[in-house]
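Note that the structure is a prediction, hence the values are computed from the model and not measured. Throughout, a chain's letter reflects where its sequence line sits, starting with A, and its residues are numbered from 1.
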There are 2 protein chains.
Amino acid sequence: MSDFSPLAWDGDAVIYIDQRELPARVVHRRAATTGEVVEAIATLAVRGAPLLGAFGAYGVALAAADGTSGQALREQALRIRAARPTAVNLMWAVDRMLEAAEAGAGSAALLAQAQAIHRETRETDARMAAFGAELLPAQGAILTHCNTGPLATGGAGTALGAIIAAHRAGKRLHVYVDETRPLLQGARLTTFELRQAGVPATLIVDGAAAATLRDKNVQAVLVGADRIARNGDTANKIGTYGLAVAAAHHGIPFYVVAPRATFDFTLASGDAIPIEERAHDEVRALGGKATAPADMDVYNPAFDVTPGHLLTAIVTEYGVLQPPYLESIATLELRPRLLPRAEEVG
Amino acid sequence: MSDFSPLAWDGDAVIYIDQRELPARVVHRRAATTGEVVEAIATLAVRGAPLLGAFGAYGVALAAADGTSGQALREQALRIRAARPTAVNLMWAVDRMLEAAEAGAGSAALLAQAQAIHRETRETDARMAAFGAELLPAQGAILTHCNTGPLATGGAGTALGAIIAAHRAGKRLHVYVDETRPLLQGARLTTFELRQAGVPATLIVDGAAAATLRDKNVQAVLVGADRIARNGDTANKIGTYGLAVAAAHHGIPFYVVAPRATFDFTLASGDAIPIEERAHDEVRALGGKATAPADMDVYNPAFDVTPGHLLTAIVTEYGVLQPPYLESIATLELRPRLLPRAEEVG
């Protein structure tokens with residue numbers, strides 16, 4: 001694997017970059033059991049909705065490789081599925097693995113399916129990046145939030161994949177990166193990825209986004225997604241909703257870039273998306289240093305829901321979805337998955 | 001002085017709370033020279049537009065007490081005036097001191113004038129708090145940004161003064177506090193002040209503000225100001241503009257609370273307000289720990305300008321200004337200052 005590939009299978013374990021250590025150090029760790037996979041997800045050592053899908057799938061394959069099967073395998077899979085409640089990719093990938101196991105797939109077939117899910121992410125990302133790059137101007141400022149590059153997916157990325165693809169196609173973009181409190185995925189990860197890709201970028205605090213949209217002549221806002229309902233309502237990293245409101249206020253296009261796997265076709269709207277509330281110390285302290293009184297009450301939702309009517313378009317691996325989303329997302333649902341299922345390949 | 005009074009005169013120096021140490025420790029420091037005053041302002045040990053006015057005035061009095069006069073006193077005063085470029089209170093207070101000196105006031109009269117400016121802040125704050133408290137509902141959620149309480153002014157505060165006065169008058173308010181990156185004045189200072197006052201409060205990251213406005217049924221947003229132009233355009237802590245856009249989107253009243261001294265009657269609009277850009281390491285590091293690559297480019301404006309048309313009303317010590325602000329602010333300009341000038345008192 002390249003130094004910066006966030007996920008790889010080494011024969012009997014998953015090797016991942018511990019994203020909590022970035023950008024100071026690139027630390028590779030090894031998850032050889034379901035418990036280690038759950039721990040890495042819950043502590044955000046591995047994060048990013050699409051990457052969680054592939055990582056969770058490897059987690060199920062690891063349990064099967066240990067000889068776990070039947071109801072015990074199902075229980076291990078459900079532990080992984082519950083490690084982050086908002087990201088639908090994780091649930092979708094784990095469910096695909098469980099379906100295969102229940103259809104009789106053995107440990108070799110399950111590993112092949114996890115690898116297929118990982119490969120599917122890379123192919124999906126490449127397609128989204130190409131569609132997204134076309135939407136961007138030949139030059140100008142772009143603003144993005146959180147982390148949506150290779151570290152988030154294990155492929156080219158979603159929103160950042162499109163930005164990097166546009167840069168490689170010769171578009172002269174300058175990217176403003178929200179630092180993305182509380183966990184600073186923008187400051188720690190997106191800056192790192194943009195530098196790897198050679199894209200000019202400037203870091204801002206989240207509170208500076210609205211003024212930056214106005215004062216720096218931003219041409220488009222691109223974000224990823226953790227779950228999208230049938231009407232286009234989109235759960236994404238906390239701060240996305242305010243950014244969408246500000247973009248609409250300035251008439252700036254606001255694009256969500258997300259694969260079909262991020263859509264939850266069972267949900268009519270975003271009202272039913274569960275929003276994970278994370279530990280209060282994520283807000284009360286940073287790097288072990290208190291930033292607020294230790295027992296201060298905190299509201300720390302990891303995500304917010306942006307109503308579909310604030311999205312200019314949604315970029316998927318099947319092309320760009322336009323409003324009305326009830327129609328374009330219904331059409332997306334009819335598309336086949338990119339790759340055959342594991343029971344067909346392994 | 002009470003433990004939590006941010007500013008006091010001890011006979012031959014100014015005693016201030018070093019606000020960089022809060023909330024972990026209440027550390028009092030002593031500024032006995034103009035240089036120490038300038039240093040405390042530039043490093044944000046003392047901050048908050050109204051408090052800077054009184055502190056800057058004491059700085060000029062300290063120079064005069066050292067025997068400095070004439071052109072040398074003017075130069076010392078201009079050093080203080082330049083220590084923060086956006087806060088108009090600082091310029092206004094220093095200019096008042098210089099006018100008095102040029103009119104022949106000696107060091108005793110200048111000290112009396114600095115104390116009068118400090119006392120004027122306390123009286124002004126009490127009036128603003130009373131007017132602002134009346135605007136708030138009998139119960140419900142309020143959202144605020146940055147720090148606008150006693151630590152910011154040396155009196156009751158501006159926006160937070162109104163909230164605390166409403167709480168003391170029996171209104172059952174719950175305050176959501178933006179942490180206010182990069183310097184976390186909300187997390188460090190506002191939480192501390194609300195606790196001192198016994199007001200229920202919850203800390204959020206700045207990116208959570210828009211979702212909180214929507215999902216927590218917020219009834220009003222209150223902020224302070226660093227400079228207000230004749231048309232109501234308001235420079236305030238970075239993040240204020242996005243908050244005003246989000247409040248307008250949700251139909252939530254957005255109030256600025258600021259004394260007459262914060263208005264710059266020479267400016268037709270906010271376009272001419274200089275916006276201080278601060279050090280990049282405020283964004284790239286926190287508490288000595290890197291949060292981004294060390295040489296990452298950063299855009300770190302300390303303030304943004306919110307257009308007057310997004311403000312529901314502006315609360316001053318003379319009452320509540322309503323739109324159109326060109327008219328109501330012109331009326332405010334005709335009001336006398338609350339207290340006589342030093343040449344009249346000293």
For B:A246 against A:V245, the heavy-atom pair lying closest together: CA-CG1, 4.1 Å
A:P293 versus B:T191, closest heavy-atom pair with distance: CD-OG1, 3.1 Å
For residues 180-189 of chain B, run the donor-acceptor check on the side chains, cut-off 3.5 Å, and write out each pair with its distance to 0.1 Å, sequence neighbours left out.
{"residue": "B:T180", "atom": "OG1", "partner": "B:C146", "partner atom": "N", "Å": "2.8"}
{"residue": "B:T180", "atom": "OG1", "partner": "B:D178", "partner atom": "O", "Å": "2.9"}
{"residue": "B:R181", "atom": "NE", "partner": "A:E179", "partner atom": "OE1", "Å": "3.4"}
{"residue": "B:R181", "atom": "NE", "partner": "A:E179", "partner atom": "OE2", "Å": "2.7"}
{"residue": "B:R181", "atom": "NH2", "partner": "A:E179", "partner atom": "OE1", "Å": "2.6"}
{"residue": "B:R181", "atom": "NH2", "partner": "B:V283", "partner atom": "O", "Å": "3.3"}
{"residue": "B:R188", "atom": "NE", "partner": "B:L183", "partner atom": "O", "Å": "2.9"}
{"residue": "B:R188", "atom": "NH1", "partner": "B:Q19", "partner atom": "O", "Å": "2.6"}
{"residue": "B:R188", "atom": "NH1", "partner": "B:L22", "partner atom": "O", "Å": "3.4"}
{"residue": "B:R188", "atom": "NH2", "partner": "B:L183", "partner atom": "O", "Å": "3.0"}

Option in B:H249, B:H280, B:R284, B:K237 with maximal non-hydrogen atom pairs under 4.5 Å from chain A: B:H249
Region of [X] in contact with chain A, defined by heavy-atom distances below 4.5 Å:
X	answer
B:A208	both
B:A201	both
B:V177	neither
B:H250	side chain

Winner by heavy-atom pair count (cut-off under 4.5 Å) against chain B, out of A:V305, A:T190, A:T240, A:I275: A:V305
Among the listed options A:T212, A:L213, A:I238, the residue most often paired with chain B at heavy-atom distances under 4.5 Å: A:I238
Contacts of A:Q139 that satisfy side-chain hydrogen bond (donor to acceptor under 3.5 Å, both in side chains) - sequence neighbours left out: A:R172
Toward chain A: residues of residues 294-304 of chain B with heavy atoms under 4.5 Å: B:D295, B:M296, B:D297, B:V298, B:Y299, B:D304
Of all pairs that satisfy salt bridge (Lys or Arg N to Asp or Glu O under 4.0 Å), the ones with a partner from residues 202-227 of chain A, not counting sequence neighbours: A:R227-A:D264
